[in-house]
Structures are given as structure tokens and as C-alpha cells.
Amino acid sequence: MKTLPHVLDGVVIASEIKAEVAREVADLTARGIRPGLAVILVGEVPASQIYVRSKVKTCGELGIFSEMITPPESVTTDEMLATVAKLNARDDIDGILIQLPLPKHVDTKRLLEAVSPDKDVDGFHPVNAGRLQSGQPGLQPCTPAGIIEILKRSGLPVAGQNAVVVGRSDIVGKPAALMLLNESATVTVCHSKTRDLPSVTRQADILVAAIGRPGYVSANMVKPGATLIDVGINRLTDPADVQRFFPGDAERAATLAKRGSIIVGDIDPAAFDLSAAYTPVPGGVGALTIAMLMHNTVKAAKLRRGIGTESR
Ligand code: NDP
């Protein structure tokens with residue numbers, strides 16, 4: 001009889017991490033150090049407002065101080081730089097998060113580089129990218145850090161495994177590949193110019209898909225028994241697409257009818273059946289991102305004060 005693949009439940013793992021962070025926050029607060037996160041949200045982008053609200057709410061639940069700064073859409077790069085400079089100088093702020101995307105007239109790269117690397121809880125600053133590359137302690141991007149947490153906490157071996165990462169963005173693919181390499185996997189990074197992608201992905205014991213194309217990794221691109229990590233978050237609005245990816249799934253059809261869209265990852269759900277373990281979408285990698293942000297805020301509070309932290 002075929003064994004069913006193991007579902008790597010991001011919601012459960014995120015709860016574990018949040019409980020650990022809450023304990024660390026309580027310990028630090030008892031020593032007079034209350035970790036603090038500043039979130040800058042420019043303008044009124046509804047999706048960004050939802051993300052930021054949920055980050056601020058989670059801070060409250062875990063005992064982390066949070067402050068929201070909400071400049072108008074018309075804010076200039078110089079005004080934003082002045083805000084970041086003030087936050088860099090404040091002792092009660094350990095983490096600074098600039099919610100992306102920013103309006104087109106604001107220089108995003110310049111701003112992200114203006115955040116003190118020690119308060120860069122998104123792990124996007126080139127100094128932190130360099131620390132990751134050279135295996136030094138630093139703040140690491142939340143989504144790929146979540147992938148490593150899922151693998152480790154699920155007891156899945158990484159050292160010596162063939163890991164294939166599809167996608168090479170600075171926020172997911174590249175750091176995920178480096179983190180897997182730091183965990184001693186044999187890592188291949190693929191992208192849009194990769195020749196014969198299926199022949200590469202079929203070598204993967206651990207396949208990470210961070211592409212941004214609905215269901216792009218099909219069953220014939222997957223080695224039976226692989227671990228599938230699906231980072232993609234794609235919205236399907238066409239009933240024909242929903243039927244193609246989720247044939248006969250009445251629940252999803254109902255959600256589509258009610259909300260006008262459903263979410264699918266970068267891996268065709270049909271491929272999950274072949275795997276030994278996989279992260280569902282939603283409820284997999286995405287569920288960990290805020291937990292890792294909270295983890296990074298506490299880590300930043302400790303690193304800045306020279307209090308010992310584990311290397312991740
Ligand atoms: P980007 O668009 O920045 O990067 C996509 C990568 O996929 C690029 O490196 C691109 O290659 C590669 N790619 C595109 N098409 C192909 C193809 N046909 N074959 C092989 N590679 C291809 O996306 P992100 O990294 O920001 O995000 C990836 C996905 O993850 C998205 O669905 C996004 O929504 C999701 N995401 C989820 C998060 C979460 O919390 N779960 C957080 C962040 C992102 P090239 O470099 O050559 O163009």
C-alpha cells in the first residue's frame with residue numbers, strides 16, 4: 001500500500017516558534033529589555049495594510065513593543081531616510097521593517113540600505129546578505145529562514161541531500177540556496193534561463209519552488225519520494241484553472257465562487273502525491289514568515305546588546 005505523503009504543517013510550526021519567541025521576550029523583559037519593532041507603511045495599499053496589521057497584532061500577542069509609522073503616499077525619499085535615521089538611533093527599537101512595495105517615486109534600494117544592518121529584521125541589507133554568505137551570525141530573510149525551520153523541526157535530513165532551488169530572487173531563492181548550502185546540502189539553483197529544468201528538478205531530494213507561476217512544477221518534474229517546499233503564492237480566478245489544479249474539489253470551487261479567487265503555489269498539487277513530504281499552500285511556508293520576523297526582532301535585540309544567540 002502506498003504511504004501518504006507527510007504534510008509539513010506551517011501553522012503548527014509557526015505556533016511553536018511564536019511560543020518560543022514569547023518565552024524569550026518574557027525573559028528579556030524581566031531583565032529590562034523589551035524588544036521593539038517599528039513598521040513603516042506608506043500610503044494605503046490594502047494588501048500591505050493587512051500584512052502590517054497582522055505583524056503588529058502578532059507583536060502584541062508575543063509581548064514585543066511595536067510602533068507603526070504611516071507616511072502618506074506623497075512621502076519623499078529624503079523624508080523616509082530621515083525617519084529611518086531616527087529609528088536607527090532609538091534604543092527602544094530593535095527592528096525596522098519597511099513594508100514593500102513602496103511608491104514608485106521612492107528609492108527602495110537606498111532606503112533598505114539606510115536601515116542599520118543590526119535592525120534589518122527583513123534580512124535584506126547587503127551586510128546581512130554578506131553575513132549569510134560567509135556563515136556569520138546576522139539577520140536572515142524570513143521566508144527562506146522559515147524553510148530551514150520547517151525542514152529541521154520536521155526531522156528531515158538536509159546534510160548531503162540534493163537540494164534544487166527554482167528561483168534566484170534576493171529575498172527567497174538566493175538566500176534559500178545559501179541556507180541549504182550552510183546546512184551542507186548539495187545545492188543547485190535554477191532560473192528562467194536554466195536548460196531542461198525537469199531533468200534538474202528530478203534530481204532533487206529537496207525541491208524548493210520560488211518562481212511565482214501557478215502550479216509550474218508538474219508531477220513529471222519531481223522525483224518520487226522527494227520533499228517539496230512550495231514558496232509560491234499565486235491567485236487563481238479562472239474556474240477552469242481551479243478545476244485543472246484541483247479536479248473535483250468542491251470546497252475550493254465554493255471558495256472561488258464566494259471570494260473570487262483561490263491560492264495555489266508554484267507546484268502543481270498533483271505532484272504532492274508523489275512526494276514523501278510537502279508544504280501545502282496556504283498553510284506551509286507562508287505561515288512561518290511572520291513567526292520568523294518575530295524571531296528576528298528578538299534576535300536583533302539580543303545581538304545588539306551582545307547577548308548570546310544561536311547562529312540562525
Ligand atoms: P521573483 O519574481 O523575484 O523571482 C522569481 C524567480 O523565478 C526568478 O529567479 C526567475 O528567474 C524564476 N523563474 C521565473 N520563471 C521561471 C521559469 N519558467 N523557469 C525557471 N525559473 C523561473 O519572485 P520571488 O522570489 O519574490 O517570489 C517567488 C514566489 O514566492 C512568488 O509566488 C511569491 O508570491 C512567493 N513568495 C512567498 C512568500 C511567502 O511568505 N510564502 C514570500 C515571498 C515570496 P530569473 O531570475 O531568470 O528571472
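Counting starts at 1 for both ligands and their atoms, following the listed order. Position 1 is the first residue of the sequence, and the numbers go up from there. Small disclaimer: the values here were computed from a predicted structure and weren't measured. Just the heavy atoms: all of them, side chains too, but no hydrogens, waters or symmetry mates, feed the values below.
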Is the cationic atom of R34 (NZ for Lys, CZ for Arg) positioned less than 6.0 Å from the six-membered ring centroid of F65 and within 45 degrees of its normal? no

Output the distance between atom CG (L62) and atom CD (E24), rounded to the nearest 0.5 Å. 11.0 Å

Donor on one side chain, acceptor on other, D78 and T76, under 3.5 Å: no

How about CZ on R259, more than 12 heavy atoms from neighbouring residues, nucleotides or ligands closer than 6.0 Å, or not?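 No, not enclosed.
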
At a 4.0 angstrom heavy-atom cut-off, what protein residues surround ligand 1? T143, V166, G167, R168, S169, I171, V172, H191, S192, L197, A210, I211, G212, R213, Y216, V231, G232, I233, N234, D266, G286, T289

Tell me if a side-chain donor or acceptor on H105 pairs with a main-chain N or O of V75 at a distance below 3.5 Å.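 Yes.
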
So, for L156 and A277, which heavy atoms are closest and what is the spacing to 0.1 Å?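 Looking at all heavy atoms of both residues, the closest pair is CD1-CB, 4.5 Å.
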
